[in-house]
Engineer: 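Just dropping this structure here.
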There are 2 protein chains.
Amino acid sequence: MSARSRTAKGAGRRDAGLPAILRSNEALASVFAALGDPTRLKLVAVLCAGGAFSIAQLTANTEISRQGVTKHLQVLADAGVVRGVKLGRERLWQLEPGQIEEAKRTLEVIGRQWEVALGKLKAFAESP
Amino acid sequence: MSARSRTAKGAGRRDAGLPAILRSNEALASVFAALGDPTRLKLVAVLCAGGAFSIAQLTANTEISRQGVTKHLQVLADAGVVRGVKLGRERLWQLEPGQIEEAKRTLEVIGRQWEVALGKLKAFAESP
DNA sequence: CTTTTTAGCAACCGTATGGTTGCATGTCGG
DNA sequence: CCGACATGCAACCATACGGTTGCTAAAAAG
């Protein structure tokens, strides 16, 4: 806390003017983090093709053990990206597209903000 | 390697029919991983509002030290989300929206795939 | 030239993460 | 009831990650 709060002359509360989506980012970051692993991304890719798959089925696509896949699915489930329903002696996992939609919207907002900023910069540069 | 490849009776090459975007996911996962931290997400949110900021300026928005922010910026730069240009004695960081666009497209593909799968399921359920 | 500002580098620390193995549990088919 | 199958749980391990501190280097200010 010593190196902070004395530097950066006048840059306080720079997030005040940001869109609401980009302010409280707790759960959102967990969604991105859940997608931020090749194995999990592949799991999502498989699941988004539809249907519900058991752990054993999903394990067949990866190079790691069944327990490893279970852990990854748990991470995805904690982020709300995926949901597992128990059916008999097996648990079937399926995509839960809500959080992914939210993440997509966030990236859209970022891109849009960026373009708006570019437009303003251009307008300023072209002003007489 | 023992628990694998014997289970899951007939589920080999399930990614064969997936869109190309969802197959080789190395760099893509690193982009999601870079966004998967609240501090970094906030940095991106600040940077997407336009302009180039120094480390000291960016540090003023966070609760962590300057070195911590530097590390986070390095992670973002390694993923290609952000770029830093050295100007005099300071380094100014700005957004590099290419990778974020790519990530957004990936999420769009996932969502589209999911809807297609839902449509097929519905069509099957309604077939006489 | 000396001081200040801004940043980079390196070592260190605690905890989370990805992965494994071994065993226990529930459930389906006879 | 019994065996086989699919999963759950817990312990364990190595490494990556988030964060810090201390020191050094380079540019700007005086």
Side-chain angles (χ1 to χ4, degrees), chain A residues 1-11 25-26 29-44 52-79 82-94, chain B residues 1-11 25-26 29-44 52-79 82-94:
Chain A
M1 220 203 292
S2 58
R4 190 202 163 267
S5 77
R6 197 164 4 88
T7 23
K9 15 206 169 189
N25 43 19
E26 263 306 311
S30 79
V31 175
F32 284 123
L35 298 174
D37 177 274
T39 302
R40 289 196 292 264
L41 203 51
K42 194 164 185 176
L43 284 173
V44 169
F53 299 99
S54 72
I55 294 185
Q57 285 174 313
L58 292 172
T59 303
N61 272 351
T62 70
E63 306 295 314
I64 64 177
S65 71
R66 175 180 60 87
Q67 277 77 358
V69 174
T70 298
K71 279 196 180 183
H72 281 302
L73 286 170
Q74 197 55 51
V75 172
L76 288 167
D78 285 347
V82 121
R83 190 166 55 104
V85 297
K86 196 145 190 183
L87 187 71
R89 73 176 145 178
E90 62 190 355
R91 175 178 295 251
L92 299 182
W93 295 85
Q94 53 190 355
Chain B
M1 220 203 290
S2 58
R4 192 203 161 263
S5 78
R6 200 165 2 89
T7 23
K9 16 208 170 186
N25 42 20
E26 261 307 309
S30 78
V31 175
F32 283 124
L35 297 175
D37 177 274
T39 302
R40 289 197 291 265
L41 205 48
K42 193 165 186 177
L43 285 174
V44 168
F53 299 99
S54 72
I55 294 185
Q57 286 175 313
L58 292 172
T59 303
N61 272 349
T62 69
E63 305 296 313
I64 64 177
S65 72
R66 178 180 58 85
Q67 300 300 338
V69 174
T70 297
K71 280 196 180 183
H72 282 301
L73 286 171
Q74 197 55 52
V75 172
L76 288 167
D78 285 349
V82 121
R83 189 166 57 104
V85 296
K86 196 146 190 183
L87 188 73
R89 75 176 147 180
E90 61 190 357
R91 172 178 296 246
L92 300 182
W93 295 85
Q94 53 189 355

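Lettering follows sequence order; numbering is per chain, from 1.
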Engineer: For B/Arg89, check salt bridge (Lys or Arg N to Asp or Glu O under 4.0 Å) against everything at least two apart and list the hits.
Structural biologist: none

Engineer: Show your reasoning for whether side-chain contact (heavy atoms from CB on, under 4.5 Å) applies to B/Asp78 and B/Val75.
Structural biologist: CA-CA 5 Å; B/Asp78 285 349; B/Val75 172; 5.8 Å; no

Engineer: Name all residues meeting the side-chain hydrogen bond (donor to acceptor under 3.5 Å, both in side chains) criterion together with B/Gln67; count only those two or more places apart in sequence or in a different chain, and write none if there are none.
Structural biologist: none

Engineer: Could you go over nucleotides 7-9 of chain C and give all protein N or O partners under 3.5 Å, atom names and distances?
Structural biologist:
| unit_1 | atom_1 | unit_2 | atom_2 | d |
| --- | --- | --- | --- | --- |
| C/dA7 | OP1 | B/Ile55 | N | 3.2 |
| C/dA7 | OP2 | B/Ala56 | N | 3.0 |
| C/dA7 | N7 | B/Arg66 | NH1 | 3.3 |
| C/dA7 | N7 | B/Arg66 | NH2 | 3.3 |
| C/dG8 | OP1 | B/Arg91 | NE | 2.5 |
| C/dG8 | N7 | B/Arg66 | NH1 | 3.3 |
| C/dG8 | O6 | B/Arg66 | NH2 | 3.2 |
| C/dG8 | O6 | B/Gln67 | NE2 | 3.3 |
| C/dC9 | N4 | B/Gln67 | OE1 | 2.8 |
| C/dC9 | N4 | B/Gln67 | NE2 | 2.8 |

Engineer: Round to the nearest Å and state the distance from A/Asp78 atom CG to C/dA16 atom P.
Structural biologist: 14 Å

Engineer: Run the side-chain contact (heavy atoms from CB on, under 4.5 Å) test against A/Ala33 and tell me which residues pass, sequence neighbours left out.
Structural biologist: none

Engineer: Could you please spell out the steps behind the side-chain contact (heavy atoms from CB on, under 4.5 Å) verdict for A/Phe53 and A/Trp93?
Structural biologist: CA-CA 5 Å; A/Phe53 299 99; A/Trp93 295 85; 5.8 Å; no

Engineer: Would you check if B/His72 and B/Thr62 make a side-chain contact, meaning some heavy-atom pair closer than 4.5 Å?
Structural biologist: no

Engineer: Which angle, to the nearest 10 degrees, lies between the helix axes at the two ends of the helix from C/dC1-D/dG30 to C/dG30-D/dC1, each defined by five pairs?
Structural biologist: 30°

Engineer: Check the distance between C/dT20's P and A/Gln74's CD and give it to me in whole angstrom.
Structural biologist: 17 Å

Engineer: With rounding to the nearest 0.5 angstrom, report the CD to CZ distance, A/Gln74 to A/Arg40.
Structural biologist: 11.5 Å

Engineer: Please produce a list of atom pairs where a protein N or O lies less than 3.5 Å from an N or O of nucleotides 17-19 of chain D.
Structural biologist:
| unit_1 | atom_1 | unit_2 | atom_2 | d |
| --- | --- | --- | --- | --- |
| D/dG18 | OP1 | B/Arg40 | NH1 | 3.2 |
| D/dG18 | OP1 | B/Arg40 | NH2 | 3.1 |
| D/dG18 | OP2 | B/Arg40 | NH1 | 3.4 |
| D/dG19 | OP2 | B/His72 | NE2 | 2.4 |
| D/dG19 | N7 | B/Lys71 | NZ | 3.0 |
| D/dG19 | O6 | B/Lys71 | NZ | 2.2 |

Engineer: Using side-chain contact (heavy atoms from CB on, under 4.5 Å), reason through B/Lys42 and A/Asn25 one step at a time and then give a plain yes or no.
Structural biologist: CA-CA 8 Å; B/Lys42 193 165 186 177; A/Asn25 43 19; 4.0 Å; yes

Engineer: Do A/Gln94 and A/Leu92 come close enough that some side-chain heavy atom pair is under 4.5 Å?
Structural biologist: no

Engineer: To the nearest 0.5 Å, tell me how far A/Leu58 CG sits from A/Thr39 OG1.
Structural biologist: 12.0 Å

